[in-house]
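Input: a single structure, listed below in structure tokens.
Every number for a ligand or one of its atoms is a count from 1 in the order of the listing.
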Amino acid sequence: MSRLSGKSAVVTGAAEGIGNAIASAMAREGAHVFLGDIADARGAQLAADLRAAGHRADYVHCDVAREADIAGLIAAAVAGTGRLDILVNNAGIAIGGMPVHAMSDAQWHRLIEVNLTSVFRGCKQALPHMIGQKSGSIINMASAQGHIGLDGWTAYAGTKGAVMAMTRQMAVEFGPLNIRVNSISPGTINTPMNSALLQEIGGNLLQAWVKMHPLGRIGEPHEVAEAAVYLASDAAAFTTGIDLRVDGGLTAAPRYVPELL
Ligand SMILES: NC(=O)c1ccc[n+]([C@@H]2O[C@H](COP(=O)([O-])OP(=O)(O)OC[C@H]3O[C@@H](n4cnc5c(N)ncnc54)[C@H](O)[C@@H]3O)[C@@H](O)[C@H]2O)c1
């Protein structure tokens, strides 16, 4: 029996990386998945590939920085399936690698818009349907950066810490209506976001990332997708308000530098 059969799911930022893996895993587990993204060709191709493999998937253009787009994505899921069981607020961007005083107001506002306001808007659009059904699972993408410090990522960490705080708040508020709200904090994951950073920063960055994770490697998108499938499924029916760390031990580790001993 598939873990999400009969469920209707929306995933933002579903064309690439972690969102791609989550949308694919949820479709394989029997959900009808509505993929939202701004990378239209890639997103539409993924939905077509999933359908060709016998799953149910539709692509809808959705820039999470635009409330009307998020409303349209949620509306498409409800129109297509008559319900909304799962919302994954995954889309996010990484602007950082600079001290606070080097960041412009425009960069700050863009991060807040795409990483944080999008979560508010997604929940705002999804909750009326979930409240009507008296059931639902919302999964917000946070980050290990919301738990620990890393030079140059203050604003990004701020958005992810806020996502976790909002997750707890909504879990309390909507738990009595059988709506569960959880977040996931990935460590460093092998996605286009990080490929771009590796290209931009270069040097020994990959080795440094590997060393920071006690499991001795960075993670793969499908490993985060497993956590999302679990949180969306009935196996997690008594789990709400948590942040599930899928981080190879990154946030458990002190910044241990053997070379300095
Ligand atoms: N990769 C990591 O190491 C890592 C670690 C912790 C948290 N995260 C978080 O996981 C999420 C996904 O990250 P990723 O590494 O897969 O990123 P990615 O850049 O590899 O993929 C992000 C996807 O989101 C889409 N996207 C970007 N801006 C968008 C917008 N305005 N509206 C809709 N879609 C948009 C992109 O087109 C792309 O398909 C983000 O919230 C990120 O902050 C990633």
Apply side chain to side chain donor-acceptor pair (under 3.5 Å) to residues D37 and Y59 and explain how you reach the verdict.
CA-CA 8 Å; D37 207 293; Y59 176 76; 5.1 Å; no

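- Distances from atom 13 (O) of ligand 1 to the heavy atoms of H61, M193, M141, Q145 put M193 nearest.
- At least one N/O-N/O distance between Y156 and ligand 1 falls below 3.5 Å.
- Contact annotation: the side chain of M141 approaches that of I184 to within less than 4.5 Å [non-hydrogen atoms, C-beta and beyond].
- Counting the atoms of ligand 1 from 1 in the order shown, those under 4.0 Å from a heavy atom of D63 are 30 (C), 31 (N), 32 (N).
- F34 and H32 have parallel rings, their planes meeting at less than 30° on a 0 to 90° scale where 60° marks the start of perpendicular.
- Annotation: I189 places an N or O atom under 3.5 Å from an N or O atom of ligand 1; distance criterion only.
- The ligand atoms of ligand 1 that sit less than 4.0 angstrom from a heavy atom of I18 are 10 (O), 16 (O), 44 (C).
- For a threshold of 3.5 Å applied to N or O pairs, the pair formed by V64 and ligand 1 contains at least one separation below that value.
- Between T191 and ligand 1, at least one N/O pair is under 3.5 Å apart.
- Of all atoms in ligand 1, listed by their number and element, those nearer than 4.0 Å to a heavy atom of G92 are 40 (C), 41 (O).
- Residue contact check: A15 has heavy atoms under 4.0 Å from atoms 39 (O) of ligand 1.
- The shortest separation from a heavy atom of G187 to ligand 1 is under 4.0 Å, placing the residue in contact.
- Residue N194 approaches ligand 1 through these ligand atoms, each under 4.0 Å from one of its heavy atoms: 1 (N), 2 (C), 3 (O).
- With atom 23 (C) of ligand 1 as the reference point, the heavy atom nearest to it among G43, P186, G13 is part of G13.
- Taking only nitrogen or oxygen atoms, main chain and side chain alike, V114 does not reach within less than 3.5 Å of ligand 1.
- Each of the following atoms of ligand 1 lies closer than 4.0 Å to a heavy atom of T188: 3 (O).
- Counting only heavy atoms of the protein, atom 12 (C) of ligand 1 lies nearest to N90 OD1, 3.4 Å.
- With a 4.0 Å cut-off on non-hydrogen atoms, A142 touches ligand 1 through its backbone and not its side chain.
- The shortest distance between side-chain heavy atoms of V64 and R121 does not fall below 4.5 Å.
- When atom types are taken as modelled, the side chain of T81 and the backbone of R83 share a donor-acceptor pair closer than 3.5 angstrom.
- Without hydrogens or angle criteria, D247 side chain to P186 main chain gives no donor-acceptor distance under 3.5 Å.
- Sequence neighbours left out, not one pair with a member in residues 162-183 passes salt bridge (charged side-chain N to carboxylate O under 4.0 Å, His left out).
- Checked for salt-bridge contact, K160 and D243 miss the test: no charged N lies under 4.0 Å from a carboxylate O.
- Judged by distance alone, with hydrogens and angles left aside, the side-chain atoms of H61 form no donor-acceptor pair with the main-chain N or O of D40 at under 3.5 Å.
- Only the side chain of K160 comes within contact range of ligand 1, with a heavy atom under 4.0 Å; no backbone atom does.
- Applying the 4.0 Å criterion to heavy atoms of C62 picks out, from ligand 1, the atoms 32 (N), 33 (C).
- Nearest-residue assignment for atom 28 (N) of ligand 1 (options D247, D37, I38; heavy-atom criterion): I38.
- At a threshold of 4.5 Å between non-hydrogen side-chain atoms, the residues H147 and M164 count as touching.
- Scanning all heavy atoms of the two residues, the minimum distance from S185 to A142 falls at OG-CB, 3.6 Å.
- When atom types are taken as modelled, the side chain of T159 and the backbone of I112 share no donor-acceptor pair closer than 3.5 angstrom.
- Within the listing of ligand 1, atoms 20 (O) sit less than 4.0 angstrom from a heavy atom of P192.
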